[in-house]
Every structure is written in structure tokens, then in C-alpha cells.
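Read through the structure below, which is laid out as C-alpha cells, and then see the notes.
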Amino acid sequence: MTGPDDVTTPRRPAGRRGVDVPTLVTQARDGEPRAVARLISLVEDASPLLREVMAGLAPHTGHAMVVGITGSPGVGKSTSTNALVSALRAAGKRVGVLAVDPSSPFSGGALLGDRVRMGDHALDRDVYIRSMASRGHLGGLAWSTPQAIRVLDAAGFDVVLVETVGVGQSEVEIAALADTTLVLLAPGMGDGIQAAKAGILEVGDLYVVNKADRDGATSLRRDLRNALAMGHRPEGAWKPPILLTVAQTCEGVPEVVAVGVECGHHLVHALALLRHGLDDRRLPRTLGSLA
Ligand SMILES: Nc1nc2c(ncn2[C@@H]2O[C@H](COP(=O)(O)OP(=O)(O)OP(=O)(O)O)[C@@H](O)[C@H]2O)c(=O)[nH]1
Ligand SMILES: [Mg+2]
């Protein structure tokens, strides 16, 4: 039955292209995955609404812990990310994942493989997984990755995992963006320390030798430990631990989470030192460049 009372309440005017940014932000904060996806698409597409989106998100950001996961192709980054999501969910955390794929300059699209490898969490509303194409952006991150992190942060995810392939400058780029950087290596992949790019020895807060079910994992760890020991680190700085994992079975993964949290605490402590102007030689490496 229709009558004058049934006239639909006028909706607030939508912005350009029918997008109402404040409503999208509210829905994203309410845990609506489609709103999160829409906001990330707006930043990815460099929408004319980008400024409005970022301004709408700003009051809600600054809470998420951003973890970068980098390493050579095939070391097990996606499998490890999936395992980390499980470990973080078990600890009651809401987790956002950005998987940055090096994309073909022809297709411009992200690979689908990561969705398959992280498929364990497809039905969990407290997990949001998104592939982003790097589209030839130098360094291996998508240019919009920092904004996409902000979307997930504002949407209330406690941890944002960013998987990036260790090519070119991406290790350095992700380390600058992340609170904690995990560098993955694996035995039997030509990934010996000699072969490993110098960059990886500088950016890691935490090193993971994955595929520990294969021969050569312990010797790779030993070589890595020696190589890290040769680098100069100030007294009192965070000493990056080296952990062994089998990502496929989650073996060793809860320990990675525990050490990541410890590293985060170290960082918070160091920030406090920084704010109070205390001895900067006690700062962890990650903050050295800020001091
Ligand atoms: N034996 C063994 N295989 C693993 C382990 N972790 C991952 N793999 C396998 O290694 C292959 C590559 O794993 P991914 O997780 O796709 O590696 P990735 O680093 O994300 O690869 P790209 O994103 O292509 O760079 C897959 O076939 C995995 O099943 C592990 O701990 N042990
Ligand atoms: Mg991957």
C-alpha cells in the first residue's frame, strides 16, 4: 500500500559518480567489506574524490600495526601471510592484507594466485584481503599502497600485512612504510646469502627462513646470522631475530607473531626515548634514520 507517508526520505546527496564518501567511511568502520573495497578502488584509481576520502579517513587512522613481508619470488610470502592471518585471528585480531603483485605492463592486472593461497580466510569478515597491481611503479609497491593501508587502518583492522615481492627497491620502500618488516628467505632457491641482495640485510626487523622442512634451512640461518653480525648496529639497537618456519603447516608462525609484537614494543619504547630527547644510540635501527 502506498500513501504520502511512504514517500522515501530523501537521501543525502551523493558526490561525483554517485559516491557518498562519509557514508562509505562509516560503513567501512562498521566492518562492511564492500565499503572497504570501494574506498581502496577510489584510491587505486586516483579518483577525483581522493582528497575527500583521505580527509574522511584521517580522524580514524593511526591504530593499525603495519607489517611488511618481503622476499624473493616463491619463498612463501603468500603462504606465510595466510599462516600469519590464522595466528593473528587466533589472538583475536582483525587483519587486513594487501598483496602487491608485480603486474604485467600489458594486462595491468594483479595475479589471482594470492587469493587462492590465502583462501582459508575468504569467509571471515574480520579478514580483508586485496591484491594490488604495482603497475610498473618503481620499487614494487603500488603507488597507492600507503593510502590503501590508511583505508584498512581507518576501517579498524588491528594489523595490516603488506606482501611485496623482493625486487629492486621494494624492500627499502616497504621498510619505510611498515612498522615491522619481515624478510623471508628459503633454502634451495639460489637464495644463499651471497646471492641475496645487500638490501635485505639492512631492512629486516625480523628474518624468517621458511621451508624449514627442506634441507639447508639451518645452514641458511647460520649464514644469515653471520652476515647480519658483520653489519654495524648501534649498541642497544634491536637485533633482528632469525626464525624458522614451515608456512604450509603454520610451524613456527605463532613465534613470528610473538617476536613481531616484541619488536613493536621495542619501537614504542624507542619512540618514547626519541620524544624525550634521550640517548639516540639506544634507538633500534628502524628509527635511526628519524633521529
Ligand atoms: N616445502 C615447503 N613449501 C612451501 C612452504 N611455504 C610455501 N611453500 C610452497 O612454495 C610455493 C610458493 O609459495 P608462495 O606462498 O606462493 O610464495 P610467494 O613468495 O608468495 O611467491 P610470489 O608471490 O610468487 O613471489 C608454493 O608452492 C607453496 O606451497 C614451506 O614451508 N615448505
Ligand atoms: Mg605471493
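Count residues from 1 along the sequence. Atoms within each ligand, like the ligands themselves, are counted from 1 in listed order.
- When heavy-atom distances to ligand 1 are checked against a 4.0 Å cut-off, D213 comes that close only through its side chain, counted from C-beta outward.
- Between the K93 side chain and the V85 main chain, no donor and acceptor come within less than 3.5 Å of each other.
- For CG of D30, the number of neighbouring non-hydrogen atoms (other residues, nucleotides, ligands) closer than 6.0 Å is greater than 12.
- For N210 (side chain) and A186 (main-chain N/O), no donor-acceptor pair under 3.5 Å exists by modelled atom type.
- The shortest non-hydrogen separation linking P187 to K211 is CG-O, 3.5 Å.
- For ligand 1, the atoms lying closer than 4.0 Å to a non-hydrogen atom of S78 are 15 (O), 18 (P), 20 (O).
- The line from CG of N226 to CZ of R221 is 12.0 Å long, rounded to the nearest 0.5 Å.
- Under a 4.0 Å heavy-atom criterion, E251 is not in contact with ligand 1.
- Polar contact check, A247 against ligand 1: a nitrogen or oxygen pair lies under 3.5 Å apart.
- The distance from atom CG of L185 to atom OG of S72, rounded to the nearest 0.5 Å, is 7.0 Å.
- In terms of polar-atom proximity, defined here as any N/O pair under 3.5 Å, S80 makes no such contact with ligand 1.
- Proximity to P73 (heavy-atom distance under 4.0 Å) selects the following atoms of ligand 1: 25 (O).
- At least one N/O-N/O distance between N210 and ligand 1 falls below 3.5 Å.
- Checking side-chain atoms of R29 against main-chain N and O of G156 turns up no donor-acceptor pair under 3.5 Å.
- No N or O atom of V246 sits closer than 3.5 Å to an N or O atom of ligand 1.
- Just one residue in the list L84, D205, T70 forms a side-chain contact (heavy atoms from CB on, under 4.5 Å) with L182, and that residue is L84.
- At least one N/O/S atom of S78, from backbone or side chain, sits under 2.8 Å from the Mg ion (ligand 2).
- Close contacts between ligand 1 and R214 involve ligand atoms 1 (N) [criterion: under 4.0 Å to a heavy atom].
- Within E163, the N, O or S atom at minimum distance from the Mg ion (ligand 2) carries the name OE2.
- The shortest separation from a heavy atom of G71 to ligand 1 is not under 4.0 Å, leaving the residue out of contact.
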